[in-house]
Amino acid sequence: MRWLIAAVVLVAVLAGLLRWRRPAWYWLSFGVTFATCRVLGRYREVMDACGLTVPPPRWRLAIARMANRPAPEPRAPRILRLRPTRTGLVLRLGLRPGQDAFDVAASCDRLRHSFGMFGITSREIRSGVVELRMTGYDVLRRVQMPARVERSTMRVPVALREDGDVHYRDYRTTPHALTIGATKSGKSVYQRNLVAELAAQEVALVGIDCKQGVELFPLARRFSALADNPDTAADLLDALLSHMEDVYQLIRAEQRITADTPDADIAADIWDLPDHLRPVPIVLLVDEVAELALFATKDEEKRRDRIITVLARLAQLGRAAGIYLEICGQRFGSELGKGITMLRAQLSVRTAHRVNDETSANMAFGDIAPDAVLATVQIPVSAPGLAITGDASGGWSRIRTPHTSLRAAADACNKHAHLTPELPALDAFRPVLASPAVPVAIPAPTAPATP
């Protein structure tokens with residue numbers, strides 16, 4: 001008996017220690033069993049308390065009266081499937097006649113408390129079927145990407161969502177994106193992780209980093225073109241625009257629109273072309289876009305208008321030519337001048353890290369997902385990398401990027417440097433990989449003279 005008591009105490013202490021120090025291990029060893037029992041044991045009464053039940057049908061009431069039996073209880077949604085995952089549970093429900101998926105989504109917070117889960121999100125699978133994704137612990141506190149992550153052409157994992165699922169950046173579905181965030185909010189880490197994932201793809205990376213290249217030039221071995229100042233950036237964008245026009249001429253020449261060609265084989269973008277003719281897709285990364293939009297003189301204003309015009313044209317026309325934009329900055333509003341709001345309207349994916357004011361959050365989500373504005377301004381300073389992401393559909397979720405150091409991103413780019421394509425139109429902007437430069441001596445500040 002003493003051995004049994006000691007074993008129970010040891011297991012309880014181990015469970016408590018795991019829950020405190022290793023919540024993921026606790027969930028896989030103990031939590032998933034306890035949570036499954038709670039959900040199944042409390043299901044009917046929780047659904048009734050949350051108003052997610054419907055009265056029994058009239059024929060059942062009539063049968064109960066004729067048989068002199070108690071009236072049947074209200075009916076909760078049917079449990080179609082309960083599946084454990086590495087971060088929580090997935091509960092699929094079949095709605096009863098008269099129930100709506102919005103009622104389930106509105107009750108997620110009450111369901112979270114009632115079932116003792118960390119978080120619950122709801123989404124409609126199809127008519128009459130709703131899926132609840134429950135997380136057993138805070139998956140965004142310490143981001144651990146799954147060991148096996150699906151990757152495909154122009155679709156790469158970049159972060160972990162609050163429901164435990166992987167957040168992907170899919171360029172063929174949503175071509176262009178805007179990422180904003182204050183200093184030290186995790187915006188640069190998000191960009192590094194994106195570059196490190198794209199480095200293994202058959203894609204050309206083009207970068208504009210007006211901070212003298214301190215963010216992107218360490219990754220230069222995987223870039224086909226780089227610019228580190230606004231003047232070079234303007235010329236690079238013009239060359240990219242010429243490349244886009246050449247790709248369109250290629251598509252026109254290979255459209256195969258003769259009468260005996262099936263409709264499915266007619267080419268309208270680079271992905272409809274045969275493999276041996278398809279140009280390599282291009283991802284253009286712009287770091288600190290405000291440096292391209294600010295000006296102090298008339299000449300700089302002309303350069304600024306030229307840059308913004310080309311960026312807007314690339315956002316409007318570049319998708320079919322395989323050119324995708326990743327625009328990053330601390331703010332992205334109308335105060336940057338004319339053409340900015342037109343460019344922003346073409347950026348379907350919006351990702352906002354911690355911002356310093358509500359106006360910055362409105363710049364990202366005010367026109368597509370107003371509910372995400374409040375969530376953005378509530379991101380704490382103590383959680384770098386935490387962000388709100390949404391798209392033109394109005395949906396949004398919390399994500400957090402795993403920490404990727406600049407050394408790790410550079411190693412990934414160096415490993416896949418052989419995949420860097422050579423684009424004749426951008427040869428003039430290909431980064432020069434010279435030997436390490438001699439350190440520049442910075443004079444120390446002189447102390448004030450003693451009177």
Side-chain angles (χ1 to χ4, degrees), residues 19-28 31 85-88 90 108-109 112 117-121 123 133-151 155-170 174 177-198 215 285 287 326 328-330 349-356 360-361 364-365 369 371-391 395-409 412:
R19 188 171 187 178
W20 175 44
R21 300 296 297 177
R22 292 291 186 268
W25 295 3
Y26 167 79
W27 173 257
L28 294 175
T85 66
R86 69 181 189 91
T87 58
V90 177
C108 281
D109 197 51
R112 175 175 67 90
M117 305 299 289
F118 182 82
I120 296 182
T121 58
R123 68 187 183 102
R133 298 189 66 91
M134 309 179 185
T135 51
Y137 59 95
D138 187 2
V139 298
L140 300 183
R141 183 178 180 181
R142 175 193 279 179
V143 178
Q144 293 180 339
M145 300 292 283
R148 295 182 178 180
V149 180
E150 296 181 2
R151 292 175 174 86
R155 183 176 184 264
V156 294
V158 291
L160 195 66
R161 303 170 74 98
E162 62 179 340
D163 59 1
D165 203 359
V166 177
H167 177 67
Y168 291 90
R169 179 70 179 93
D170 191 345
T174 48
L178 169 66
T179 303
I180 67 170
T183 303
K184 301 293 290 184
S185 64
K187 185 172 75 275
S188 297
V189 176
Y190 176 88
Q191 188 181 59
R192 288 177 207 158
N193 193 50
L194 183 62
V195 172
E197 289 290 341
L198 287 172
E215 290 288 349
L285 297 105
D287 188 73
E326 286 284 344
C328 299
Q330 297 186 27
V349 179
R350 312 286 175 83
T351 302
H353 295 75
R354 177 181 54 83
V355 293
N356 293 326
S360 298
F365 297 114
D371 295 342
V373 175
L374 180 61
T376 303
V377 298
Q378 291 177 343
I379 297 176
V381 180
S382 58
L386 188 64
I388 307 297
T389 185
D391 53 36
W396 61 274
S397 63
R398 290 180 180 86
I399 63 171
R400 193 171 189 182
T401 308
H403 179 71
T404 303
S405 65
L406 189 57
R407 178 74 266 171

Working to the nearest 0.5 angstrom, can you tell me the gap between [X] [atom1] and [Y] [atom2]?
X    : Y    : atom1 : atom2 : answer
R133 : R161 : CZ    : CZ    : 9.0 Å
D165 : T121 : CG    : OG1   : 9.0 Å
L194 : T351 : CG    : OG1   : 9.5 Å
D138 : T87  : CG    : OG1   : 11.5 Å
H167 : T389 : NE2   : OG1   : 4.0 Å
L285 : E215 : CG    : CD    : 11.5 Å

Legend entry - Side-chain heavy-atom pair Y168, V149 within 4.5 angstrom cut-off: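 Yes, their side chains come closer than 4.5 Å.
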
Legend entry - Residue pair T179 / Q191, side-chain heavy-atom distance below 4.5 Å: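 Side-chain contact under 4.5 Å: no.
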
Nearest non-hydrogen partners of [X] and [Y], listed with the distance:
X    : Y    : value
A182 : V355 : CB-CA, 4.3 Å
N193 : P157 : ND2-O, 4.1 Å
S360 : I180 : O-CD1, 3.3 Å
A409 : A196 : CA-CB, 4.4 Å
G181 : K187 : O-NZ, 3.2 Å
W27  : M117 : CH2-CE, 3.8 Å

Taking [Y]'s backbone N and O only, do any of them form a donor-acceptor pair with [X]'s side chain (distance below 3.5 Å, no angle check)?
X    : Y    : value
R398 : E162 : no
T135 : G119 : yes
R400 : P384 : yes
R350 : F365 : no

Inset, instruction - Classify the ring geometry between Y190 and H353 as parallel (under 30°), tilted (30 to 60°) or perpendicular (over 60°). - result: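 If you compare the ring of Y190 with that of H353, the planes turn out perpendicular.
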
Legend entry - Residues, nucleotides or ligands: over 12 heavy atoms within 6.0 Å of R151 CZ: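 Above 12, so yes.
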
Inset, instruction - Check the surroundings of atom CZ in R141: do more than 12 heavy atoms from other residues, nucleotides or ligands lie under 6.0 Å from it? - result: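 No, not enclosed.
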
Inset, instruction - Take R354 and L386 through the test side-chain contact (heavy atoms from CB on, under 4.5 Å) and record every step on the way to the result. - result: CA-CA 7 Å; R354 177 181 54 83; L386 188 64; over 6 Å; no

Legend entry - Salt bridge present between R169 and E197 (N-O < 4.0 angstrom):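 So R169 does not pair with E197 through a salt bridge.
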
